[in-house]
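First up is the structure itself, then whatever we jot down about it.
Since we're looking at a predicted model, the values are computed, not measured. First listed ligand is number 1; within each ligand, the first listed atom is number 1. One is the number of the first residue; the rest follow in order along the sequence.
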Amino acid sequence: MSATPRTPHASSLGAARRGRELAELADAAAPVDVLVVGLGATGAGVALDAASRGLTVAAVDAHDLAFGTSRWSSKLIHGGLRYLASGQLDVARESAVERGVLMERTAPHLVHAQPFVLPLTPLVPRRNATLAWSGLRAGDLLRASARTARATLPGPRRLSAVETLELAPGLRPYGLRGGLLSWDGQLADDARLVTAIARTAAAHGARVLTRVRALTLDGTGALVRDELTGEQLEIKARAVVNATGVWAGTLAGDIRLRPSRGTHLVLRSEALGGMRTGLHIPVPGESDRFVLVLPQGDGRVYVGLTDEPLDGPVPDVPKVPETDIGFLLDVLGSALDVPLRRGDVAGAFAGLRPLLDSGGADGDRTSDLSRRHAVLTSPDGVVTVVGGKLTTYRRMAQDAVDAVVAARGLSAGPCRTARLPLVGAAAPGTLAALDAPRRLVRRYGTEAPAVHALAVADPGLGRPVVPGLAVTAAELVWAVRHEGALDEADLLDRRTRIGLVPADRDAALAAAREALRELPAPSSPR
Ligand SMILES: Cc1cc2nc3c(=O)[nH]c(=O)nc-3n(C[C@H](O)[C@H](O)[C@H](O)COP(=O)(O)OP(=O)(O)OC[C@H]3O[C@@H](n4cnc5c(N)ncnc54)[C@H](O)[C@@H]3O)c2cc1C
């Protein structure tokens, strides 16, 4: 694995760097090569791709890293099985290839192999079980064709009823015929992936600026507003990439999206009886739709997800309707021995899929719209990259940068990101040998010992910020010093995911405020 530039602070984001780089951009006489708007997985990926090809880059987000859809995903780096089922072989293969890139080269610290069991309950007809088994076998062939090692992702296996219950003791034993075991990639956290991509871009010289909103764009730059001061400035650029996901149409009028809402529940793991695996629970009466049970390893389990068209304007943070919660609890209840009640739901979150409107009938189900990504050039020269998924962010970024390099005649090297480790990445042996708690290694990779050292030096920082959750104050301080966290929401809702449970968020607010005392005073940049 080749090394990322690792001078200690080249990848560090923070208030002081933000202030300095914004001032440089305001004073700059020459345009940057590429201005990226939006710092979800896609925009951060574009910033990294362009910067690592030797281009000068500014990348802005109106809010924070991973403020949008990228933090509301199922946190799966998946092999594209469902695209195989719908005959989109190219989309499925692209997913499988990108999953291998993340798991074996660029982010082995953040993505691990997660087992999933599909329980064969009385509600799963034998014909559907046979179909599901064929699908899992095909998924394994896809893994092999993407050259991902079986040691990285084991093959599928049929389970007896006893084995199924051993892995998932919460399942209803009555009538259980067995289960189908399969493996896929699971992220430690989606917002942390975006942070790692953005910091790797910064290590390659990209200016990564949060709280900077693009007001208007064209092919030669943007009028932006510093959301902290209200000041406006022009950023001049040779090429502009619009990576604003579900908001893409607000900046490029010719882009039409049909967002669809996906909801997840957050449950405490005790509520599910000590699940040792994820679950694919078939939606009763449907052969190709499943509710996923996703253990997070932090005492929480996510259960999702829905797929409902969004009506009306796109909100900053989507609300979760009670109907989505009821649907997910009902499907869970079809397979669990002790059904869960509304009171067992500790939190819930919804995200909006940035699906391209392909011009089909208005009544088309959003679940049928393609998850293919698109790179579209508007008449004014702005390049929009949209659609796709977290798993394929790298490929989306490559296609977008290829497009602007060709259209603008930029002088750039070839794409390098398939072999470029993200901040914290290392080979499994190196990660295993790190002297730090395993939980930190799974979130911070090679930086885990430095995060842990903060807690060792000051035991006050080593204590959990919320009883029952492992997150420590050291992680909050690290996020302020190195990960660009500027306020409580950045700390609690994105660098850590404490905020997914409102009661935990309330309990952690004081610790977040304490960590933010690390920030420089507004008038005295460090
Ligand atoms: C419920 C759900 C579950 C999913 N699960 C998975 C999964 O398990 N695996 C997977 O691979 N994919 C998954 N996806 C798909 C994946 O999450 C998205 O495709 C991906 O996150 C989109 O990223 P993005 O960067 O394009 O958009 P976003 O993450 O939405 O980023 C857009 C950014 O643009 C910023 N922005 C908007 N307007 C402006 C402006 N004017 N100026 C500056 N910045 C602006 C926003 O603040 C935001 O940060 C899921 C999607 C949903 C909805």
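From the protein, the heavy atom lying nearest to atom 38 (N) of ligand 1 is Thr244 CG2, 3.7 Å. Looking at atom 33 (C) of ligand 1, its nearest protein heavy atom turns out to be Asp61 OD2, 3.5 Å. Protein heavy atom closest to atom 9 (N) of ligand 1, with residue, atom name and distance, is Leu76 O, 2.7 Å.
Residue contacts with ligand 1, taken as heavy atom pairs separated by less than 4.0 Å, involve Thr69 via backbone and side-chain atoms alike. Counting heavy atoms under 4.0 Å from ligand 1, residue Val224 does not touch it at all. Using a 4.0 Å cut-off between heavy atoms, Lys75 contacts ligand 1 through its backbone alone, with no side-chain atom that close. Within the 4.0 Å heavy-atom criterion, neither part of Tyr393 lies near ligand 1. Only the side chain of Trp247 comes within 4.0 Å of ligand 1, counting heavy atoms alone; its backbone N, CA, C and O stay farther away. Under 4.0 Å from ligand 1, the heavy atoms of Ala243 that appear belong solely to its backbone.
One finds the CZ atom of Arg442 at 11.5 Å from the CG atom of Leu110 (value rounded to the nearest 0.5 Å).
Heavy atoms of Val246 stay at 4.0 angstrom or farther from ligand 1. Residue Leu215 places no heavy atom under 4.0 Å from ligand 1.
Residue Trp72 places no N or O, backbone or side chain, under 3.5 Å from any N or O of ligand 1. Remark: ligand 1 and Ala41 share an N or O pair separated by less than 3.5 Å (distance only, no angle test). At least one N or O atom of Thr391 sits closer than 3.5 Å to an N or O atom of ligand 1. Of the N or O atoms in Gly351, none lie within a sub-3.5 Å distance of an N or O in ligand 1.
The cationic group of Arg211 does not satisfy the cation-pi geometry with Phe67, failing either the under 6.0 Å distance to the six-membered ring centre or the 45° limit from the ring axis.
The shortest side-chain heavy-atom distance between Lys389 and Ser73 does not fall under the 4.5 Å cut-off. Residues Val345 and Val303 fail the side-chain proximity criterion, which asks for heavy atoms closer than 4.5 Å.
With respect to Arg93 and Asp90, no salt bridge is recorded, no charged nitrogen being found less than 4.0 Å from a carboxylate O. Under 4.0 Å is where a charged nitrogen must lie from a carboxylate oxygen, and between Arg497 and Asp504 no such pair does.
Put simply, the residue from Ile77, Val97, Leu187, Val111 that forms a side-chain contact (heavy atoms from CB on, under 4.5 Å) with Thr391 is Ile77.
Of all atoms in ligand 1, listed by their number and element, those nearer than 4.0 Å to a heavy atom of Val37 are 42 (N), 43 (C).
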